[in-house]
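Remarks on the structure that follows.
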Amino acid sequence: MTGIPGVGKTTVLNELKDLAKQNRVNLTVMNFGTIMNEITRELGKDMNRDEMREQGIETQRKLQELAANEISNRAGQGTVVVDTHMFVRTSVGMWAGLPQNVLQKLSPRLFVLVEAEPEQIARRRQSDTDRKRDMTLAEDIRFDLEWSRATAAASAVATGAPVKVIRNDAGRQKQAAQELFEAIRKLVGT
Ligand code: AP5
């Protein structure tokens, strides 16, 4: 499950967890950034989740690989949904969140792109005062949405897994979660 910062991934996934519980579907959500952050703490570094993308690219690459290993180790029975990013804006450029080595470890069966109107995303970022968000210009957000689609297409070709685009329009997080839930059900046959 991917989407640019502030598009509402975590909000939709919270609704998804409720749906899974109501329908007695065994589903676990893991947040890639949270696991990277736990690993940084275990390594004795104290940084918040918004500081990770400001680290040197080699540091991020190592953390990324360790997090992918951890997710693969933690995955048990049932469906695992990974809350993550198609790419991360770093100081040296757009960097893949799911490069080949990570895809090999995670073996995704479906890629989900969560999208919303750029102006909505900008407003959501501005309202999240507890986070250190990147730029909020609608034209930059539009570029990031396009880059996400391009990266998703590359991931689909590399793995053979389909890509589903889900809209998370204002106030429609429950509908977005329902759409995702139906797709998962079709995929796993429950
Ligand atoms: P992560 O924690 O995923 O950061 P993020 O993308 O900023 O995630 P958020 O949870 O803040 O945003 P969201 O899209 O989930 O939106 P939210 O639901 O909060 O990642 C942190 C870091 O980890 C990354 O920066 C990177 O460094 C690293 N990382 C992660 N994956 C990586 C990978 N694969 N490789 C390398 N590094 C990786 O919603 C935002 C706001 O909008 C909220 O106020 C919410 O209430 C509101 N909202 C949401 N939906 C709606 C709606 N439908 N209507 C109205 N309001 C809504």
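Counting from 1, the numbers follow the sequence of the chain as shown. Indexing begins at 1, ligand by ligand and atom by atom, following the structure's order. Bear in mind that the values here come from a model prediction, so they are computed numbers and not experimental data.
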Can you find a side-chain donor-acceptor pair between Asn37 and Arg41 that sits under 3.5 Å?
yes

With no hydrogens and no angle check, just 3.5 Å: does a side-chain donor-acceptor pair link Gln178 and Glu182?
yes

Ligand 1 versus Val88: contacting region, heavy-atom distance under 4.0 Å:
side chain

Determine, considering heavy atoms only, which of [options] sits nearest to [atom].
| atom | options | result |
| --- | --- | --- |
| atom 27 (O) of ligand 1 | Lys174, Arg125, Arg123, Arg53 | Arg53 |
| atom 57 (C) of ligand 1 | Arg124, Gln120, Arg89, Glu51 | Arg124 |
| atom 17 (P) of ligand 1 | Leu63, Thr2, Thr11, Ile71 | Thr11 |
| atom 2 (O) of ligand 1 | Arg172, Gln175, Arg49, Gln55 | Arg49 |
| atom 37 (N) of ligand 1 | Glu15, Met36, His85 | Met36 |

With a 4.0 Å cut-off on heavy atoms, does [X] reach ligand 1?
| X | value |
| --- | --- |
| Asp50 | no |
| Gln64 | yes |
| Gly3 | no |

Ignoring angles and geometry beyond distance, decide whether [X] reaches within less than 3.5 Å of ligand 1 through its nitrogen or oxygen atoms.
| X | answer |
| --- | --- |
| Ser127 | no |
| Gly171 | yes |
| Gln60 | no |

Heavy-atom side-chain contact between Leu16 and Ile184 under 4.5 Å:
yes

Under a 3.5 Å distance rule, please check whether Gln55 uses its side chain to pair with a backbone N or O of Gln60 as donor and acceptor.
no

Pull out every atom of ligand 1 sitting under 4.0 Å from any heavy atom of [X], numbered as shown with elements.
| X | value |
| --- | --- |
| Gly33 | 23 (O), 30 (C) |
| Met52 | 22 (C), 23 (O), 27 (O), 28 (C) |
| Trp95 | 36 (C) |
| Ile4 | 14 (O) |
| Pro5 | 6 (O), 7 (O) |

For Ala138 and Glu119, work out which heavy atoms get closest and say how close.
CB-OE2, 4.0 Å

